[in-house]
Amino acid sequence: MSVSTGQKNDDAGRTVSELIERSNRLGADKRNTNYAGGNTSAKGVGTDPVTGEDVELLWVKGSGGDLGTLQESGLAVLRLDRMRALAGVYPGVEREDEMVAAFDYTLHGKGGAAPSIDTAMHGLVDAAHVDHLHPDSGIAIATAADGEALTEAIFGSRVLWVPWRRPGFQLGLDIAAIRRAHPEAIGTILGGHGITAWGDTSAEAEANSLEIIETAERYIAEHGTSEPFGPPLEGYGALPEAERRAKAAALAPTIRGLASTDKAQVGHFTDDPRVLDFLASTEHPRLGALGTSCPDHFLRTKVKPLVLDLPADADVESCLLRLRELHAEYRADYAAYYDRHAHEGHGSPLASQARPGNPADAAPSPAMRGADPAIVLVPGVGMFSFGANKQTARVAGEFYLNAINVMRGAEAVSTYSPIEESEKFRIEYWALEEAKLARMPRPKSHAGRVALVTGAASGIGKAIATRLAAEGACVVIADLNIDSATTVAEELGGPDVAVGVQADVTDPAQVRAAVDAAVLAFGGLDLVVNNAGLSISKPLLETTEKDWDLQHDVMAKGSFLVSQAAAKVLIEQDMGGDIIYISSKNSVFAGPNNIAYSATKADQAHQVRLLAAELGGHGVRVNGINPDGVVRGSGIFAGGWGAKRAAVYGVEEDKLGEYYAQRTLLKREVLPEHVANAVAVLTSAELSHTTGLHVPVDAGVAAAFLR
C-alpha cells in the first residue's frame, strides 16, 4: 500500500516541528551553546514538487541563525542525495571553501535560509538527527592541553576525539568517518571547538548532546582544582557595587572612544561576578593574553582582550592614562598579528592567480578590519564589550564570559591551550567571513550612535526618540515619569535599543545619574536632545515669581545642566557629537500673555549659539529647532496650555491646531513627527558641517523668521 502525499507531508512537518522544538530547548540554555552558535539538523522524506516522488531531505539551521529563537524560515532545506554527491567532486581541503557555494545547487524548494559552513557535518554524518553545539564544558575539554586523553578518560568509546580542523567540508567527512567506524559512539569532542552528537530520533540526539555536556560538567566539578585561575591577586578584588559602577561610568567614555578609533562602536558593560572573579586571580594576565579558542568566540571578541594591568583601587586618572598606553600597544600588537599571517594583495587582482594548496601563493587576505579591542577588562570593575550595535556589543561580552567559563574548566583539569594564532587568523580573515560581512545591509543613518532625549515619554520627545531608534540609534528615554519612560523604551525594542531613566532636569544629581545610565547602558553618548519642558501662559501682571522660577528652572537651567553633563562625556570620548535644543517660535516672536515661557525659550536659543561657539573645537555641533503650534500629541498642550492659548485666541480648544495651521504660510498643522524629522536631519552626516543653526518647524510663521 502506498503512502499518500498528504501523509508524507505530515511526516515532514512533524520532523521539522521536532527539530525546531529541540533547537529552541538547546539554545535557550547558554550552558549548551552561545547566541547564534552551533546548529542542528534532521533528515526525512519529502515530496519532489515536480515529479511527486519521494525525496530524502536535510533540514539544517541556516547561516547566522540562533538556536534559541530558530523558526522554520531559518532552516536551509537540501536534497540529501545531491548534497552527499558533492563528496564525489570535492577538490580537497585546500579548496574546501568552494563547497559552500556548491550547497546552493542542492537546495530543495523555494525560500529558506542560506546553508552554513557546517552543513556538510550534518549531511554527511549517517544519522537522522545531528547537533553541533558550543557548550562551555565541552569546549573546556576541547581546549585542554591533553584534551584527547581527557576525552577517553571521561567518555571511553562513547565519545570520540577529533583533532582541530577548521569548520568545513573536510570536518564533515572526518566526523562521518568516525561515525561509520564507531557505531557505538554518540558524538565527538572537536578539538579547540565544541561538540557534535547524533541520534536516530530527535529525542535521542538531544539526550546525547545533553549527556556529553553534563558528563563534562560533572567531571570538571569532581576532578577540578579549587582555584583554577590561581590564588587571589592582592588588590585586584571586586570593588563594592556602588563604587565599581561609579568608576565604570567614569571610565566608559574614554574606553569607548579608544575602542572606536577605527570605527564608531556601541558599548556594553557588565560586572558579572564571574568576570570579577577572573580578574581577581593571579593567572588572569596569562590567560587573557592567550585569547579565546572557539571560532564563534574570537570572531565576536577579537583574538584577545585588552586587560588593564592596575589594581582595583587605582584612581580614575591613572587608569585612563594607562588605558591609553595599553590601547596604543594593543593596536601595534594587532597590526603585527595581522602582518605575521596575512597574504599580500589584500583583495587585489592577484587573488585570481593564486594556486590552491600553496600558502606562498594563497589568495590575498582581506584588508585589516580594525585594530581596536572588542573586549576591555578592568580589575575590580568589570568588562566593557563593543560592537556595531548594542546587541552585537552585548553578545560579544556574553561570548567572552563563555571564554572565561571555558578557561576555568580547562585550567581546573589541565592547562588551557587554545588553537594556534595562525588558525585564529585564518578564521578571522576567512574569505567566507568577509563575504558574509559584505552581504550585510548598509547601516542606517544613526547606527552606532547613542542618544539621550529628555521629556521623552510623551509628545515631541517620544516622537524624537522613536525616529532616532528607527534610524538605528540607541536611545535613553529620560523623563520625570519612570513608568512611562520604561514603557516607551519597551515599545522601541527593549534594552538592546532603548532604556528608560527617571530624570528631573532641575536636579544636577539626577541629570548626572541619567548620563551615567546612558554610558553604562550603551558605552557612551553621541547625541543629546533638550526637550523637557512645561508651559505657563499668563499675562505679565498675573505671572508670579514662582511661575517664572519654575519655567526657567526646567527649561533654561535644565537644558544647561543636561548639556554640561553631556559635554563632559562628549569631550572625553573625543568622537564629536550633537546637542539639540527644542526651542520654540516664541524664542524670536513676541506674543501676548507668554512672558515666562517665551523668555526662557529665548534663553535656550542663545545657549545654542554660546555652546556652538564653545564646543566646536571638540567636534560637537549644537543646533536648535523652533516648533510652533504642535497641539496633537503634545503633553504641554494637554496639560492646560492648550486651553489657555485657545482662550487667548478666542477659539475652541479642539480647534486650536487648525487655528495655528491657518495662520501659517503653508496652511499645515505641525505634528510631533515633524519636529522629530528635523532632529534626524540635523544630527545626520548630511549636515555634518552645520552648527549654531535654528531650524523653524512651524509651517511658516513670517513673524518668526530669523533675522
Side-chain heavy atoms of [X] within contact of [Y], under 4.5 Å:
X	Y	answer
Leu570	Met575	no
Asp272	Met383	no
Arg300	Tyr35	yes
Val695	Leu693	yes
Arg324	Thr254	yes
Val505	Ser559	no
His284	Tyr236	yes
Thr261	Arg331	yes

If every non-hydrogen atom of [X] is compared with every non-hydrogen atom of [Y], which pair is closest and at what distance?
X	Y	answer
Ala514	Val501	CB-CG2, 4.0 Å
Lys30	Gly27	NZ-O, 3.4 Å
Tyr660	Gly629	CD1-CA, 3.3 Å
Leu452	Ala518	CD1-CB, 4.4 Å
Phe589	Ala704	CB-CB, 4.3 Å
Ile582	Pro627	CG2-CG, 3.9 Å

Using a distance-only test with no angle check, is there a side-chain donor-acceptor pair under 3.5 angstrom linking [X] and [Y]?
X	Y	result
His552	Lys557	no
Asp66	Thr69	yes
His446	Thr683	yes
Asn594	Ser598	yes
Gln607	Tyr581	yes
Asn389	Thr392	yes
Asp504	Thr506	yes

*Stepwise, does the salt bridge (charged side-chain N to carboxylate O under 4.0 Å, His left out) test hold for Asp698 with Lys585?*
CA-CA 7 Å; Asp698 57 10; Lys585 171 263 301 183; over 6 Å; no

Is a side-chain N or O of [X] found less than 3.5 angstrom from the main chain of [Y], in a donor-acceptor match?
X	Y	answer
Asn623	Thr690	yes
Thr487	Asp483	yes
Asn531	Val453	no
Asp277	Arg274	no
Ser587	Ala602	no
Thr664	Ala661	yes
Gln502	Leu480	yes
Asp262	Ala371	yes
Asp479	Ile482	no
Ser584	Lys601	no

*Mind checking side-chain hydrogen bond (donor to acceptor under 3.5 Å, both in side chains) for Glu325 and listing every partner two or more places apart, or none if nothing turns up?*
Arg322

In this structure, are over 12 heavy atoms from other groups packed under 6.0 Å from [X] atom [atom1]?
X	atom1	result
Gln662	CD	yes
Lys667	NZ	yes
Glu329	CD	yes

_Stepwise salt bridge (charged side-chain N to carboxylate O under 4.0 Å, His left out) check, Arg256 with Asp372_ = CA-CA 10 Å; Arg256 183 189 181 215; Asp372 296 318; over 6 Å; no

*Dump the intermediate steps for side-chain hydrogen bond (donor to acceptor under 3.5 Å, both in side chains) on Glu471 and Ser445, then the final yes or no.*
CA-CA 6 Å; Glu471 296 296 340; Ser445 64; 2.9 Å; yes

*Start with the C-alpha distance between Arg245 and Asp516, add both sets of side-chain angles, then the distance that settles salt bridge (charged side-chain N to carboxylate O under 4.0 Å, His left out), and finish with yes or no.*
CA-CA 9 Å; Arg245 293 187 73 82; Asp516 284 352; over 6 Å; no

*Is the NZ or CZ atom of Arg663 positioned over Tyr649's six-membered ring, under 6.0 angstrom from the centre and within 45° of the axis?*
yes

*salt bridge (charged side-chain N to carboxylate O under 4.0 Å, His left out) between Arg394 and Glu398: does it pass, once the steps are laid out?*
CA-CA 6 Å; Arg394 174 179 55 78; Glu398 292 174 0; 2.8 Å; yes

Pairwise distance [atom1]([X]) to [atom2]([Y]) - rounded to 0.5 angstrom:
X	Y	atom1	atom2	value
Arg621	Leu682	CZ	CG	7.5 Å
Leu541	Asn593	CG	CG	10.0 Å
Ser684	Lys444	OG	NZ	15.5 Å
Thr301	Leu401	OG1	CG	12.0 Å

*So which pairs with a foot in residues 671-680 pass side chain to side chain donor-acceptor pair (under 3.5 Å), sequence neighbours left out?*
Arg467-Asn677

*asked:* With side chain to side chain contact (heavy atoms under 4.5 Å, CB included) as the criterion, how do Asn626 and Leu706 come out once you've worked through the C-alpha distance, each side chain's angles and the decisive distance to 0.1 Å?
replied: CA-CA 10 Å; Asn626 290 347; Leu706 300 175; 4.2 Å; yes

*Before giving the answer on side chain to side chain contact (heavy atoms under 4.5 Å, CB included), spell out for Leu308 and Leu377 the whole-Å C-alpha distance, their side-chain angles and the decisive distance to 0.1 Å.*
CA-CA 6 Å; Leu308 179 63; Leu377 302 173; over 6 Å; no

*Given Val697 and Val670, is the side chain to side chain contact (heavy atoms under 4.5 Å, CB included) satisfied, shown in steps?*
CA-CA 7 Å; Val697 182; Val670 182; 4.1 Å; yes

*Using 30° and 60° as the class limits, which term best fits the ring planes of Phe384 and Phe269: parallel, tilted or perpendicular?*
tilted

*Starting from the C-alpha separation in whole Å, work towards a yes-or-no answer on side chain to side chain contact (heavy atoms under 4.5 Å, CB included) for Phe386 and Ile255.*
CA-CA 10 Å; Phe386 297 93; Ile255 292 177; 3.6 Å; yes

*State which residue, out of Ile477, Leu492, Val488, fulfils the side-chain contact (heavy atoms from CB on, under 4.5 Å) condition with Lys462.*
Val488

